[in-house]
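What follows is one structure encoded as structure tokens, with my remarks underneath.
Below, all heavy atoms of this structure are taken into account, side chains as well, without hydrogens, waters or symmetry copies. Just so you know, ligand 1 is whichever comes first in the structure, and atom 1 is the first atom listed for that ligand.
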Amino acid sequence: MAISKKIEKALEGASWIRKMFEEGDKLKRMYGPEKIFDFSLGNPIAEPPGEFFDELRKIANNPIPGMCRYMTNNGYEETRKSIASLLSEETGFSFTERQIIMSTGAAGGLNIALKSILDPGDEVITSCPYFVEYRFYMDNHGGTLKTVDSRDDFSLDLLAIEGAINKKTKAVIINSPNNPTGVVYDKEPLIQLGQILGEKSAKYGRTIFLLCDEAYKRIVYDSVKLPDVFSIYDHCISVISHSKDLSIPGERIGYVAISPSADGKERLADAMTFANRTLGFVNAPALMQRLVGRLTHVSVDISEYQEKRDLFYNGLVDFGYSIVKPMGAFYLFPRCPIDDDVAFVRALQAKNILTAPGRGFGRPGHIRIAYCVERRVIEASLEGFRELAIEYGMR
Ligand SMILES: Cc1ncc(COP(=O)(O)O)c(C=O)c1O
């Protein structure tokens, strides 16, 4: 066999999201793209904000000498300074550019963070359902992902997390707003989680990090205010991306912010800078760093996502679907009327509706719907969802 057994196995179990995406592509070629309602991928159709193109034009018209050269592996000082000042403004803590490492999206950020903290055999705990790539990211760096079921409303089961921590635990990773559920964790349970991590770190004599995947940080709805993770626990690492808030996932830009109170923060920053280099990212894309440093207060129009959430959520609930109302990100994670989520995904597919089965996120019996699509796609799909609700006796 030409490739490693490990990768062979990973490919065999190819992600459900990818699988549905590929099947959807086939259906689109057969029936025409306008006849297929594709909610399988979190690839936003929203265009980047006008300010993004304005800044792009400014740079193109006034190129900075050396702007395409290599740079320090943690990124441009100017960009890191403007992000540090944004975080200081948002949190009240004093961040400096030393605590910011520019990364190739949240995916790159999570990988440099994990590479920096994990030794072989270390464990990282996360709440299930969870973003499927975590398992591969842990494995990249010799760690193991340990999952703990969330509660029925997808909030953190703190007792279960506490019970899962042992002497091998190096970090707990939380993702809020969450993919696939859209839930946003409240401040009070996060404070309790911080206390648990503090106690367990003391018990086992080593720092357990709180790794916060904040890829959807700015996509929150109604009057929800995302709790500031730096205020709940000292040893906190936040991973932030512009894939969704500026709608530029193909440009691969984000950053890691290390809490000013984290244990060994200087060494941690050095380690992540080294990891950026040696994992082969070398540095985050230069042009994008210049742009996002100037766009720290800009994001896509969140109200458009909220309108889509309302349209979809209200429509499905009216038909009888059982859903925890998402307060952020752009996913719905309804319960299926039958235990077999793959069978339900297939039933939806027969109505030209593409979704991903919950088992792909560690939680069978649900489906994930990514609604970062055009409004008309949601509207046109509702009839299919209604017909299935009747067929399966949801009302
Ligand atoms: C929860 C979560 N984390 C990380 C990522 C990776 O995002 P990026 O494009 O910034 O690498 C995604 C992408 O969808 C995600 O959903």
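- For the residue pair L114 and Y137, the shortest heavy atom distance occurs at CD1-CB, 3.8 Å.
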Expected rows: ligand 1 N/O, protein N/O, dist below 3.5 Å:
unit_1, atom_1, unit_2, atom_2, d
ligand 1, 3 (N), D213, OD1, 3.4
ligand 1, 3 (N), D213, OD2, 2.6
ligand 1, 9 (O), S243, OG, 2.7
ligand 1, 9 (O), R252, NH1, 2.9
ligand 1, 10 (O), A106, N, 2.7
ligand 1, 10 (O), S241, OG, 2.6
ligand 1, 10 (O), S243, OG, 3.1
ligand 1, 11 (O), A106, N, 3.2
ligand 1, 11 (O), A107, N, 2.9
ligand 1, 11 (O), R252, NH2, 2.7
ligand 1, 14 (O), Y216, OH, 3.3
ligand 1, 14 (O), K244, NZ, 2.8
ligand 1, 16 (O), N179, ND2, 2.8
ligand 1, 16 (O), Y216, OH, 2.7

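- Side-chain N/O atoms of D157 and S150 include no donor and acceptor closer than 3.5 Å.
- For residues 192-203, the side-chain hydrogen bond (donor to acceptor under 3.5 Å, both in side chains) pairs, not counting sequence neighbours, are S201-Y233.
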Give every donor-acceptor pair under 3.5 Å between a side-chain atom in residues 172-180 and any protein atom, sequence neighbours left out.
unit_1, atom_1, unit_2, atom_2, d
N175, OD1, N179, N, 2.9
N175, ND2, P177, O, 3.2
N175, ND2, D213, O, 3.0
S176, OG, Y185, N, 3.0
N178, OD1, T181, N, 3.1
N178, OD1, T181, OG1, 2.9
N178, ND2, N175, O, 3.0
N179, OD1, R368, NH1, 2.9

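- Remark: K308 pairs with no residue by the salt bridge (charged side-chain N to carboxylate O under 4.0 Å, His left out) rule, at least two apart or across chains.
- Ring geometry, Y134 versus F131: the interplanar angle exceeds 60°, so the pair is classed perpendicular (tilted spans 30 to 60°).
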